[in-house]
Student: 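Supplied in structure tokens, the structure appears directly below.
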Amino acid sequence: MASSYSLFCLGNPLLDMQVTNGEALLEKYSLNANDAILAELKHAPIYDELVKEHKVTYVAGGASQNAARGAAYILPPGSVVYAGCVGDDNLAEELKAANKREGLDEVYQVKAGEKTGACAVVITGHHRSLVTDLRAAEKFDQSHLSSPAVAPLIDNAKFFYVEGYFLTHGISSALEISHKAALAGKTFAINLSAPFIPQFFGTQLQQILPHCDIVIGNEAEAESWGNANGSPDPKDLAAVAKQIALLPKTNSSRSRWVIFTQGAESTFVVSSAEPDSPKIFKVNPLADSEIVDTNGAGDAFAGGFLGALVAGKTLEECVEYGHTLGAMCVKQIGPTYQWPKVKVL
């Protein structure tokens, strides 16, 4: 463990349970092919069913943790640290091993007797449907942030990243970090993470957005935010991005960037400094034969973007590094990166 890190990430640590050819599962559990939801009672049997009836690939997951591993992948060791809550079980040990390989350090809160969170990942073609059982992840205590192991890391970090999923239970913790960052002139980034976050957790988003310097999402999340906030055309990415970019901001000395990805389509970036001049970055699409699965591709983009930002790169370069890591991710099984490591920056 280092005594200080440039980038501090916070989120829900999960172990992904990934299966392919899951069309029957989508129908049985009423799932959408390209979506992310929190498990309801009707979804409870899916985790045992995956183990008993499918070939499961276990991959370290959790949106912010995936992005943190991506940033750590391209940065020098000791650059990125991640916090979240896990149980005292083998799943947590698997997460630690995956983090170590990418160069990510973690300061988990460990809940004795609890199970580490899990995510059923149902792959159909190039789509992934995520069904998350948070378990220990949603029992994160805000007091962990002020613990002797964590507080100095927050004080010394210059960049912060939180996943939207964390707002479903941890808004007070996210607000503590984001407000501190804004008052200190540090950079705070959030990911919308899934369409249900703007749809059902809009109040929490409205609380934290004033402290956000960077907002990342995909086209479905942008449309969901637009629908929830009265956008004239929720499918107009540039217009929705402008709407978010111009929201009130605690640290008015720094402009806000809103970044919307669209998979293999172009990425949109709108800055509050130039809200009527969206920047559009083309993506070099991969051949279908190169794509293994898309689980974690958006997290990989965020990781590449943040890693480049920490390294002092320009906005344009940050987007390109995001694209590079996203492309690398979809060639792997699950939210992982090429191994042995290749130099990206």
Student: Quick one: do the Q142 and E176 side chains pair a donor with an acceptor below 3.5 Å?
Tutor: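 Looking only at side-chain atoms, E176 and Q142 do form a donor-acceptor pair, the distance falling under 3.5 Å.
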
Student: If two hydrophobic side chains count as joined below 4.5 Å and joins carry through other members, does I280 share a cluster with F305?
Tutor: no

Student: Which distance, rounded to the nearest 0.5 Å, do you find between the OG of S6 and the CG of L75?
Tutor: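 If I round to the nearest 0.5 Å, the distance is 7.5 Å.
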
Student: Just wondering, do T116 and L14 contact through their side chains at under 4.5 Å, heavy atoms?
Tutor: no

Student: Less than 4.0 Å between a side-chain N and a carboxylate O, is that true for D276 and K242?
Tutor: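 Yes, this pair counts.
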
Student: Can you pull out every ring pair (Phe, Tyr, Trp, His ring centres under 6.0 Å) where at least one residue sits in residues 120-160? Sequence neighbours excluded, please.
Tutor: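 Passing the test, one end in residues 120-160: F140-H144, F140-F166.
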
Student: Evaluate salt bridge (Lys or Arg N to Asp or Glu O under 4.0 Å) for D133 paired with K115, printing each intermediate quantity in order.
Tutor: CA-CA 10 Å; D133 186 354; K115 291 183 177 180; over 6 Å; no

Student: Under 3.5 Å, is there a donor-acceptor pair between the side chain of T261 and the main chain of G263?
Tutor: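 Absent.
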
Student: Answer with yes or no whether the side chains of N12 and E138 bring together a donor and an acceptor at under 3.5 Å.
Tutor: no

Student: How about I244 and V270: do any of their side-chain heavy atoms sit closer than 4.5 Å?
Tutor: no

Student: Please round to the nearest 0.5 Å and tell me the distance separating atom CD of E114 and atom CG of D88.
Tutor: 8.5 Å

Student: Side chains of Q18 and I123: does their closest heavy-atom pair fall under 4.5 Å?
Tutor: yes

Student: May I ask you to check whether S224 and Q199 show a side-chain donor-acceptor distance below 3.5 Å?
Tutor: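 S224 vs Q199: no donor-acceptor pair found between side chains.
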
Student: side-chain contact (heavy atoms from CB on, under 4.5 Å) with D35: which residues, sequence neighbours excluded?
Tutor: N32, I37, P195

Student: Once you round to the nearest 0.5 Å, how far does CG of N191 lie from CD1 of I197?
Tutor: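 The distance works out to 10.0 Å.
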
Student: For residues 202-230, which residue pairs qualify under ring pair (Phe, Tyr, Trp, His ring centres under 6.0 Å), counting only residues two or more places apart or in two chains?
Tutor: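 Every ring pair (Phe, Tyr, Trp, His ring centres under 6.0 Å) pair that includes a residue of residues 202-230, provided the two are not neighbours, is H179-H211.
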
Student: Using only atom types and a distance under 3.5 Å, with no angle test, would you say the side chain of E290 pairs donor to acceptor with the backbone of A287?
Tutor: yes

Student: Determine yes or no for a side-chain-to-main-chain donor-acceptor pair under 3.5 angstrom, with T250 supplying the side chain and P210 the backbone.
Tutor: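 Checked: pair present.
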
Student: With sequence neighbours excluded, what pairs up with L306 under the side-chain contact (heavy atoms from CB on, under 4.5 Å) test?
Tutor: L7, Y161, A189

Student: Go through the steps to decide whether S143 and D141 satisfy the test side chain to side chain donor-acceptor pair (under 3.5 Å), and finish with yes or no.
Tutor: CA-CA 5 Å; S143 59; D141 295 316; 4.9 Å; no

Student: Report all side-chain donor-acceptor pairs from residues 320-328 shorter than 3.5 Å, counting only partners two or more places apart or in another chain.
Tutor:
residue : atom : partner : partner atom : Å
H323    : NE2  : T267    : OG1          : 2.8
T324    : OG1  : E320    : O            : 3.0

Student: For G87, is there any backbone N or O sitting under 3.5 Å from a side-chain donor or acceptor partner on R135?
Tutor: no

Student: Rounded at 0.5 Å granularity, tell me how far NE2 in H43 sits from OG1 in T132.
Tutor: 11.0 Å

Student: Might you work through the side chain to side chain contact (heavy atoms under 4.5 Å, CB included) test for N229 and Q206, ending with a clear yes or no?
Tutor: CA-CA 10 Å; N229 290 274; Q206 294 301 334; 3.1 Å; yes

Student: Applying the 4.5 Å side-chain criterion to the ILVMFWY set and letting contacts propagate, would V258 and V319 be lumped into a single cluster?
Tutor: no

Student: Show the numbers, then the answer: is there a side chain to side chain contact (heavy atoms under 4.5 Å, CB included) between C9 and V80?
Tutor: CA-CA 8 Å; C9 301; V80 188; 4.2 Å; yes

Student: Mind checking whether Q262 and L237 have side chains closer than 4.5 Å, heavy atoms only?
Tutor: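 Side chain of Q262 against side chain of L237, heavy atoms only: contact under 4.5 Å found.
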
Student: Can you find a pair of side-chain heavy atoms, one from I46 and one from L50, that are under 4.5 Å apart?
Tutor: yes

Student: Do R254 side-chain atoms and G185 backbone N/O form a donor-acceptor pair below 3.5 Å?
Tutor: yes

Student: To the nearest 0.5 Å, what is the distance between NZ (K279) and OG (S266)?
Tutor: 14.5 Å

Student: Applying side chain to side chain contact (heavy atoms under 4.5 Å, CB included), run through L31 and V131 and close with a yes or a no.
Tutor: CA-CA 9 Å; L31 304 173; V131 186; 3.7 Å; yes

Student: Between H169 and L38, is any pair of side-chain heavy atoms under 4.5 Å apart?
Tutor: no

Student: Do F196 and I171 sit in the same hydrophobic cluster, where Ile, Leu, Val, Met, Phe, Trp and Tyr count as joined when their side-chain heavy atoms come under 4.5 Å apart?
Tutor: yes

Student: Provide the full list of side-chain hydrogen bond (donor to acceptor under 3.5 Å, both in side chains) pairs with a residue in residues 97-108, sequence neighbours left out, each pair given once.
Tutor: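 Residue pairs passing side-chain hydrogen bond (donor to acceptor under 3.5 Å, both in side chains), neighbours aside: Y5-D105, Q65-N99, Q65-Y108, N99-E106, N99-Y108.
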
Student: Could you see if L10 belongs to whatever hydrophobic cluster contains L95? Use Ile, Leu, Val, Met, Phe, Trp, Tyr and a side-chain cutoff under 4.5 Å.
Tutor: no

Student: Report yes if some heavy atom in the side chain of L25 is under 4.5 Å from a heavy atom in the side chain of V122; otherwise report no.
Tutor: yes

Student: Which atom pairs, donor and acceptor, lie under 3.5 Å between side-chain atoms of residues 309-318 and protein residues at least two apart or in another chain?
Tutor:
residue : atom : partner : partner atom : Å
T314    : OG1  : E317    : N            : 3.2
T314    : OG1  : E317    : OE1          : 3.2
E317    : OE1  : T314    : N            : 2.9

Student: When you measure from the side chain of Q109 to the backbone of C85, do you find a donor-acceptor pair of N or O atoms at a distance under 3.5 Å?
Tutor: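 Not at all, since once roles are kept as given, no pair shorter than 3.5 Å links the two residues.
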
Student: Report yes or no: do I190 and I259 belong to one cluster of Ile/Leu/Val/Met/Phe/Trp/Tyr joined by side chain heavy-atom distances under 4.5 Å?
Tutor: no

Student: What residues form a side-chain contact (heavy atoms from CB on, under 4.5 Å) with N21, not counting sequence neighbours?
Tutor: E23

Student: Does K249 come within less than 4.0 Å of D213, counting only side-chain N to carboxylate O?
Tutor: yes

Student: Is there a donor-acceptor pair closer than 3.5 Å between any side-chain N or O of D89 and the backbone N or O of A92?
Tutor: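 Checking the backbone N and O of A92 against the side chain of D89, a donor-acceptor pair under 3.5 Å is found.
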
Student: Test side chain to side chain contact (heavy atoms under 4.5 Å, CB included) on I214 and T187 and set out the steps.
Tutor: CA-CA 8 Å; I214 300 170; T187 300; 3.9 Å; yes

Student: Quick one: closest heavy-atom pair of S231 and V240, and the distance?
Tutor: OG-CG2, 4.0 Å

Student: Hey, could you give me each pair passing ring pair (Phe, Tyr, Trp, His ring centres under 6.0 Å) that has a residue in residues 46-92? Not counting sequence neighbours.
Tutor: Y73-Y337

Student: Strictly by ring pair (Phe, Tyr, Trp, His ring centres under 6.0 Å), give each pair with a member in residues 231-271 just once, sequence neighbours left out.
Tutor: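 Sorted result for residues 231-271: empty, none.
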
Student: Not counting sequence neighbours, which residues clear side chain to side chain donor-acceptor pair (under 3.5 Å) with K186? List them please.
Tutor: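 Counting only residues at least two positions away or on another chain, K186 forms no side chain to side chain donor-acceptor pair (under 3.5 Å).
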
Student: About how many Å separate CD1 of I216 and CG of L192, when rounded to the nearest 0.5 Å?
Tutor: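 L192 CG to I216 CD1: 9.0 Å, rounded to 0.5 Å.
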
Student: Tell me whether R256 contacts the main-chain N or O of L247 through its side chain, where contact means a donor paired with an acceptor under 3.5 Å.
Tutor: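 Side chain of R256 to backbone of L247: a pair is present.
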
Student: Contact between V330 and D293 at the side-chain level, heavy atoms closer than 4.5 Å - yes or no?
Tutor: no

Student: Salt-bridge test for E49 and K28: reply yes if a basic N is under 4.0 Å from a carboxylate O, no otherwise.
Tutor: yes

Student: Please collect all salt bridge (Lys or Arg N to Asp or Glu O under 4.0 Å) contacts where either partner lies in residues 218-234, sequence neighbours excluded, each pair once.
Tutor: E223-K235

